[in-house]
Asks: 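Input: one structure, supplied below.
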Amino acid sequence: MKKVYLDHNATTPLDPRVFEAMKPYFTDVYGNPSSPHHYGRLAKQALEESRAVVAEAIGAKPEEIIFTSGGTESDNLALRGIAYHKERGHIITASIEHHAVLKTCKDLENDGFSVTYLSVDREGRVDPDEVRRSIRKNTILVSIMYANNETGVIEPIAEIGRIAREWGIPFHSDAVQALGKIEVNVEKLGVDLLSLSAHKIYGPKGIGALFVKDGVRLSPLTTGGSHELGMRAGTENIPAIVGFAKALKIADGEIATYHTKVLRLRDKLESDLLNNLSQVTIHSAKAERLPHTSCIGFASVEAESILLHLDLKGIAASSGSACTTGEPEPSHVLLAMNVPIELAQGSIRISLGKENTKEEIDYTISVLEQTITQLRTISSQWAVEGNKRYNLT
Ligand code: PLP
């Protein structure tokens with residue numbers, strides 16, 4: 001059976017070049033980077049070289065990079081780190097954020113912080129003026145993601161960054177999905193904190209970073225040794241860190257070809273589905289989006305049934321964020337965009353990768369067309385009257 005992986009926003013395969021770069025750090029260079037002997041010094045050298053690579057890729061200084069276990073931890077460290085340092089105050093975020101931000105904010109509310117969850121327009125965009133209007137005297141943090149994991153929508157981060165800077169409020173952005181897909185430069189974006197993760201860019205899982213601008217004060221979440229500039233106690237995962245730096249270098253070097261390739265494939269996918277099926281909605285089609293993400297709604301079918309059928313044909317896609325897959329609730333992102341609940345429930349996410357081919361996309365289009373037609377035929381919501389089909393809901 002053909003196998004087609006179209007769930008790159010959930011995770012990506014490890015690039016073989018990354019694996020090669022990591023290998024010696026499992027076998028030969030296994031020292032603890034905090035040890036002063038030569039085993040430790042070699043590990044420390046790899047750690048600092050990797051830090052410099054990550055810093056350079058986003059226009060930061062090496063001492064502004066803290067390695068973490070991934071995007072979730074980086075988001076937690078940014079939000080809780082600022083909040084616990086201030087002890088009280090108000091946070092502004094958006095209703096379309098990843099759960100790593102949203103659930104952390106909910107937790108902070110339980111701890112006595114107040115949070116404003118900004119709404120978005122129908123395309124899923126945050127309005128910078130709304131950010132400005134929501135600022136209070138006691139606002140301690142603004143946190144708005146750079147690109148959404150479900151729709152691929154790119155938020156106006158530089159504009160929000162200017163507003164936050166004007167008011168002297170620290171600004172965090174979750175750039176986990178943007179990294180390696182579009183330019184991520186902390187200076188241009190005007191961010192004080194930025195979350196990154198390696199496994200979305202063909203790097204290993206369980207490693208990420210938080211950019212913390214010089215002078216921004218955070219409370220660490222783990223205590224112990226003085227690793228990572230005192231911000232994250234715990235022996236660093238050197239093979240993973242080396243892999244992250246290698247993945248980022250590769251992504252940086254290939255970004256232009258990647259962009260052209262996945263955009264061409266996505267355009268084909270979306271236009272064929274729109275042309276060949278009725279009642280298809282490409283969510284956020286009018287917004288600026290990441291080139292590889294497509295969130296597609298099919299009226300009168302359940303996303304879970306579509307995904308099951310695709311899986312039986314060897315195609316892996318998802319319904320929104322991987323973290324919510326398995327939960328019957330429709331995507332909080334689509335609901336925040338005022339997508340009707342039935343359409344949200346019939347929406348799937350296809351996220352392309354650099355290894356996908358035109359043949360794979362042609363195959364996916366044909367399987368999707370058959371699947372949707374078949375599911376609609378058996379759906380009780382659909383009536384057939386002669387050769388005219390219409391939706392009863
Ligand atoms: N933030 C966003 C926008 C994501 O898409 C994800 C992963 O899906 C995360 C954070 C969590 O990253 P990690 O899996 O590295 O913890």
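For ligands, and for the atoms within them, numbers begin at 1 and follow the listed sequence. Since we're looking at a predicted model, the values are computed, not measured.
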Asks: Show the atoms of ligand 1 that are less than 4.0 angstrom away from any heavy atom in Asn149.
Replies: 3 (C), 5 (O)
Asks: Step by step, would you call Glu63 with Lys213 a salt bridge (Lys or Arg N to Asp or Glu O under 4.0 Å)?
Replies: CA-CA 9 Å; Glu63 61 274 21; Lys213 195 179 169 64; over 6 Å; no
Asks: Please say whether Ala147 places an N or O atom under 3.5 Å from an N or O atom belonging to ligand 1.
Replies: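 By distance alone, the answer is no.
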Asks: Under 4.0 Å between a Lys/Arg side-chain N and an Asp/Glu carboxylate O for Glu270 and Arg289?
Replies: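 Judged by the 4.0 Å cut-off on N to carboxylate O distance, Glu270 and Arg289 do form a salt bridge.
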Asks: Using a strict 4.0 Å threshold on nitrogen-to-oxygen distance, state whether Arg125 and Glu155 make a salt bridge.
Replies: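 No, Arg125 and Glu155 are not salt-bridged.
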Asks: Got a salt bridge between Glu130 and Arg133, using NZ or NE/NH1/NH2 to carboxylate O under 4.0 Å?
Replies: yes
Asks: Would you check the N or O atoms of Asp174, main chain and side chain alike, for any that come under 3.5 Å of an N or O of ligand 1?
Replies: yes
Asks: Show which atoms of ligand 1 fall inside a sub-4.0 Å distance from at least one heavy-atom site of Val176.
Replies: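 Listed by number with element, the hits are 1 (N), 2 (C), 4 (C), 6 (C), 10 (C).
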Asks: Would you call Arg80 and Asp107 a salt bridge, using N to O less than 4.0 angstrom?
Replies: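 Salt bridge present between Arg80 and Asp107.
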Asks: Can you name the atoms of ligand 1, numbered from 1 with element, that are less than 4.0 Å from a heavy atom of Thr72?
Replies: 11 (C), 12 (O), 13 (P), 16 (O)
Asks: Report, in ascending order of atom number, the atoms of ligand 1 lying under 4.0 Å from any heavy atom of Gly70.
Replies: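 Under 4.0 Å from Gly70, ligand 1 has these atoms: 15 (O).
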Asks: Relative to the heavy atoms of Asp75, which atoms of ligand 1 are at a distance of less than 4.0 Å?
Replies: 1 (N), 10 (C)
Asks: Is it true that Lys246 and Glu20 make a salt bridge, defined as a side-chain N closer than 4.0 Å to a carboxylate O?
Replies: no
Asks: Would you check if there is a donor-acceptor pair between the side chains of Thr116 and His90 at a distance under 3.5 Å?
Replies: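 A pair is found: one side chain offers a donor N or O, the other an acceptor, under 3.5 Å apart.
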Asks: Quick one: do Glu48 and Lys44 make a salt bridge, cutoff under 4.0 Å?
Replies: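 Looking at Glu48 and Lys44, the cut-off is met.
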Asks: Would you mind running through ligand 1 and noting each atom that sits below 4.0 Å from a heavy atom of Met145?
Replies: 3 (C)
Asks: Evaluate Glu73 for polar contact with ligand 1, using N/O atom pairs at a separation under 3.5 Å.
Replies: no
Asks: Can you name the atoms of ligand 1, numbered from 1 with element, that are less than 4.0 Å from a heavy atom of His199?
Replies: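 Every atom of ligand 1 under 4.0 Å from some heavy atom of His199: 13 (P), 14 (O), 15 (O).
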Asks: Of all the atoms in ligand 1, which lie at a distance below 4.0 Å from a heavy atom belonging to Lys200?
Replies: 6 (C), 7 (C), 8 (O)
